[in-house]
Amino acid sequence: PLEVAQVADEVPQTPATPNIPPQTSTEESTARLLIVEDYPDNRDLLLFMLQTLGYEPDVVNNGQEALEQLKDRTYDLILMDCQMPVIDGYRATQLIRQQEEDRRHTTIVGLTAHAMAGDRQKCLDAGMDDYLAKPIDINGLVNILQKWLEMPDN
């Protein structure tokens with residue numbers, strides 16, 4: 001049998017969000033973002049975080065869909081999962097870089113659950129500009145956005 005625990009009247013709160021205020025609809029970013037993620041929960045979380053920050057990203061499920069999306073649109077930043085079916089993020093990045101040739105360079109940030117030192121280098125070797133380890137937290141995402149986009153420091 002379990003004993004009934006005493007409930008504290010005040011529980012200290014720790015900040016669960018970064019020290020940046022979410023942007024309001026009048027402050028929406030004009031940066032065009034693409035999320036390339038096959039896992040629905042990760043996709044939804046990224047979408048939620050980006051929308052909270054004032055972005056309205058497009059979303060696709062794999063590298064093949066990303067390549068098709070890039071035929072009609074340009075993006076300022078692509079958040080690219082590395083491990084996906086059809087065409088993975090490494091190969092999709094290589095194909096994007098081949099298509100770009102001397103044209104506009106699109107910033108690609110690799111997303112992977114592998115956080116080993118060699119994984120970051122594998123992303124860079126594939127042509128990605130940066131790397132973000134999963135699980136993604138909003139502070140890490142904000143740092144990436146501030147680094148690669150015109151986003152004010154808060």
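Atoms considered below: every heavy atom in the structure, side chains included; atoms not considered: hydrogens, waters and symmetry mates. A quick note: this is a predicted structure, and the numbers were derived from the prediction, not measured.
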Check I136 against L45 and note the closest heavy-atom contact, atom names and distance.
O-CD2, 4.2 Å
List, one per line, each side-chain donor-acceptor pair under 3.5 Å for residues 66-74, sequence neighbours excluded.
from: E68; atom 1: OE2; to: Q64; atom 2: NE2; distance (Å): 3.0
from: Q69; atom 1: NE2; to: Y75; atom 2: OH; distance (Å): 3.0
from: R73; atom 1: NH1; to: D58; atom 2: OD2; distance (Å): 3.0

Looking at every heavy atom in both A126 and T93, which two are closest together, and how far apart are they?
O-CG2, 3.4 Å
Would you say the side chains of Q83 and T112 form a donor-acceptor pair under 3.5 Å?
no
Whether K134 and D81 form a salt bridge (side-chain N of Lys/Arg under 4.0 Å from carboxylate O of Asp/Glu) is what I want to check.
yes
Of the non-hydrogen atoms in I87 and M84, which two are nearest, and what is the gap between them?
O-CE, 3.8 Å
Where do D76 and A31 come nearest, in terms of heavy atoms and distance?
OD2-CA, 3.2 Å
D129-W148 side chain donor-acceptor pair, cut-off 3.5 Å:
no
To the nearest 0.5 Å, what is the distance between OG1 on T107 and CG on L149?
7.0 Å
With side chain to side chain contact (heavy atoms under 4.5 Å, CB included) as the criterion, how do T106 and L77 come out once you've worked through the C-alpha distance, each side chain's angles and the decisive distance to 0.1 Å?
CA-CA 6 Å; T106 302; L77 186 135; over 6 Å; no
Which is it for L145 and Y55 under the side chain to side chain contact (heavy atoms under 4.5 Å, CB included) test, yes or no, and what are the steps along the way?
CA-CA 11 Å; L145 297 174; Y55 297 94; 3.7 Å; yes
CE-SG distance between M128 and C82, expressed to the nearest 0.5 angstrom
4.0 Å
Do Y90 and I78 land in one hydrophobic cluster if side-chain heavy atoms of ILVMFWY residues count as linked below 4.5 Å?
yes
Residues V59, L34; criterion side chain to side chain contact (heavy atoms under 4.5 Å, CB included); working and verdict
CA-CA 6 Å; V59 181; L34 177 64; 6.0 Å; no
Test of understanding: clusters of I, L, V, M, F, W, Y form through side-chain heavy atoms closer than 4.5 Å, transitively. Do Y39 and F48 belong to the same one?
no
Can you tell if the side chain of Q146 reaches within under 4.5 Å of the side chain of V142, non-hydrogen atoms only?
yes
Which heavy atom in M80 sits nearest to a heavy atom in A92, and how many Å separate them?
CE-CB, 4.0 Å
Are I96 and V109 joined in one hydrophobic group, where the rule is that I, L, V, M, F, W and Y side chains link up if heavy atoms are under 4.5 Å apart?
no
Output for pair (H105 NE2, E100 CD), nearest 0.5 Å, gives 6.0 Å
Any chance you could lay out the side chain to side chain contact (heavy atoms under 4.5 Å, CB included) test for E56 and L33, step after step, and finish with the verdict?
CA-CA 7 Å; E56 285 301 324; L33 305 181; over 6 Å; no
What distance separates I138 CD1 from M49 CE, expressed to the nearest 0.5 Å?
6.0 Å
Given side chains that start at C-beta, do those of N62 and V36 come closer than 4.5 Å, heavy atoms only?
no
Atom CG of L124 and atom CD1 of I108: how far apart are they, to the nearest 0.5 Å?
11.5 Å
State, yes or no, whether a side-chain contact exists between D130 and K147 at a heavy-atom distance under 4.5 Å.
yes
Residue pair P85 / D38: nearest heavy atoms and the distance that separates them:
CD-OD2, 3.3 Å
In the single-linkage hydrophobic clustering (I, L, V, M, F, W, Y; side-chain heavy atoms under 4.5 Å), do L111 and V60 co-cluster?
no
Value rounded to 0.5 Å, distance of CG in L141 from CG in L46:
6.5 Å
